[in-house]
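Some notes on the structure that comes next.
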Amino acid sequence: MRVRREKLARLQELEVNPYPYSFTRTHLSADIFQNAEQMMEKTVAIAGRLMSVRGHGKVGFGHVMDPQGRIQIYVRKDEIGDENFEVFKLIDIGDIVGVTGEVFVTRTGETTVKAQRVELLSKTLRPLPIVKEKQEGDDRVVYDQFADKELRYRQRYVDLIVNPEVRDVFVTRSRIISNMRRFLDDQGFLEVETPVLQPIYGGASARPFVTHHNALDFEFYLRIADELYLKRLIVGGYDGVYEISKDFRNEGMDRFHNPEFTMMEVYVAYEDYQFMMTLVENMVSSLAQEIFGQKIVTHQGREIDLTPPWKRVPLFEAIKQCTGKDLYGKNLDELRSAAKELDIELESFWREGKIIDEIFSAKVEPELIQPTFITDYPVELSPLAKRHRDDPRLVERFEPFIVGGEIGNAFSELNDPIDQRERFLAQQKLLELGDDEAQMLDEDFLRALEYGMPPTAGLGIGIDRLVMLFTDQPSIRDVLLFPAMRPEKSEGKI
RNA sequence: GAGGGUAUAGCUCAGCCGGUAGAGCAGCGGCCUUUUAAGCCGUUGGCCGAAGGUUCGAAUCCUUCUACCCUCACCA
């Protein structure tokens with residue numbers, strides 16, 4: 001860095017501003033490559049980060065990276081003049097440059113810009129981790145890749161500069177979200193925004209973050225889900241609403257969980273969970289179609305076929321298929337002994353629903369590779385879902401599973417205010433029994449239901465997990481630009 | 001929360017049974033007017049993650065701590 005500062009001083013002696021205000025770019029690299037023949041001998045102005053330099057005395061080559069790729073530049077002292085060549089020699093790898101010149105093809109056949117002028121657009125003070133690469137056929141061979149995960153996550157900006165495949169992941173992420181938004185808009189649903197700071201958290205089973213509001217002198221919770229507010233809007237008369245937003249859950253972190261994560265929730269009046277299953281399989285498969293041009297994605301070496309319709313299997317049926325045990329209607333003792341036979345450890349305060357869920361997670365989930373809807377959950381697991389029309393011990397609920405993981409959760413929404421109150425009261429008992437993830441009773445939400453909510457189908461989709469599936473990433477940290485990390489020592493303290 | 005792994009130059013890494021720190025790339029100084037992991041010559045660069053201990057002597061052995069990664073558990 002000392003050397004870079006000296007270069008800054010020398011640039012200033014040459015009356016070069018190392019941080020000028022703008023540069024007019026006429027072409028991106030891909031524009032030039034796509035029409036290489038028409039572009040020959042045309043003058044272009046390109047801009048980007050200088051990623052490599054190969055000096056040859058009075059000549060130099062380098063590659064400039066812009067949002068579409070890398071293009072080679074060729075700098076001759078006799079073309080750009082002595083003074084400009086001095087500036088060129090003071091430019092380091094990593095600096096942002098603008099190059100004006102003519103397009104031509106080198107002896108080795110690479111389309112290149114022959115500089116008439118090289119401008120420094122921003123001087124870097126820190127050296128970039130240099131990544132050298134070579135093209136071998138279609139393969140890009142990278143040498144000494146910037147690979148330290150901690151550094152990559154903490155300094156994502158460097159990761160993005162140096163690792164183009166990381167950049168691609170986040171482009172795909174953005175396209176997934178914008179396509180999903182378009183899909184939902186096309187259905188006529190209204191995108192809304194509901195509070196992040198909530199006096200009562202609800203809509204999911206999880207521990208919340210707590211924060212203090214000074215003016216109101218009140219402890220708010222960061223939302224763990226959007227559900228209860230969106231359903232208030234269905235009560236309010238919007239027939240279809242959705243929200244794409246961050247939720248916050250104060251739980252452990254691993255490759256599937258980050259304390260803040262992105263959720264899409266949608267609620268549709270006059271529909272039920274069957275409608276929602278169709279919506280999910282249509283939405284996810286059409287996303288794949290838009291992004292990959294086909295309904296098949298490859299994840300961790302496995303081909304996943306997203307073509308509708310997806311398999312639909314009731315929960316107890318799935319457990320029976322995987323374990324040979326029919327748990328339907330079994331009492332607490334029978335479930336405990338079944339779990340024991342399957343080598344599943346239980347907490348003392350767990351009730352029937354929780355034990356069933358545990359057995360399902362351990363024995364069935366890992367088997368659900370191709371897209372599958374698991375349907376019809378026990379009522380005590382789902383305090384916000386409507387009872388099954390054929391069986392009051394179940395609810396009309398489903399979760400879509402792909403590659404052994406759930407990517408969402410949906411149900412026919414409970415709109416009976418009396419039943420809803422009873423379910424909340426049952427949750428309160430769980431709270432008292434020590435289940436710190438049981439849901440809170442939300443009196444205002446009940447009041448809303450008492451005003452009448454139409455039959456409604458609701459759905460939540462975990463965007464991050466969907467992005468993991470689509471971008472073939474094994475960890476949620478690889479689909480979050482800035483995953484949660486313990487702060488560096490110098491950070492976070494005043 | 002349990003177990004395992006990693007931490008050495010800006011980056012990627014080597015460093016054996018303890019003997020005082022090494023390579024490639026980057027950087028810096030040269031040479032080179034079509035190179036592309038450019039090349040050639042020269043050269044700078046390190047509190048060996050932190051703290052303690054054993055020892056005449058520790059990057060290396062031991063203990064503790066910190067951060068990150070992986071697996072499991074928790075968490076839908």
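Order of the sequence lines fixes the chain letters, A, B, ..., with proteins taken first and strands second; residue numbering starts at 1 for each chain.
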Quick one: the side chain of [X] and the base of [N], do they pair up donor-acceptor inside 3.5 Å?
| X | N | answer |
| --- | --- | --- |
| A/Gln72 | B/U35 | yes |
| A/Asp254 | B/C74 | yes |
| A/Asp148 | B/U12 | no |

| Closer to the 5' end of RNA chain B via nearest nucleotide, is it A/His63 or A/Arg477? | A/His63

| query | Is the shortest distance from a Lys or Arg side-chain nitrogen in A/Arg152 or A/Glu150 to a carboxylate oxygen in the other one below 4.0 Å? | reply | no

| Span that lies between the C1' atom of B/C56 and that of B/A23, in whole angstrom | 32 Å

Would you please confirm or rule out a distance under 4.0 Å between OP1 or OP2 of [N] and any side-chain N or O of [X]?
| X | N | result |
| --- | --- | --- |
| A/Arg54 | B/U35 | no |
| A/Arg126 | B/G10 | no |
| A/Arg255 | B/C69 | no |
| A/Lys114 | B/U33 | no |
| A/Arg486 | B/A67 | yes |

| query | Checking A/His299 side chain against A/Met468 main chain: does a donor-acceptor pair fall under 3.5 Å? | reply | yes

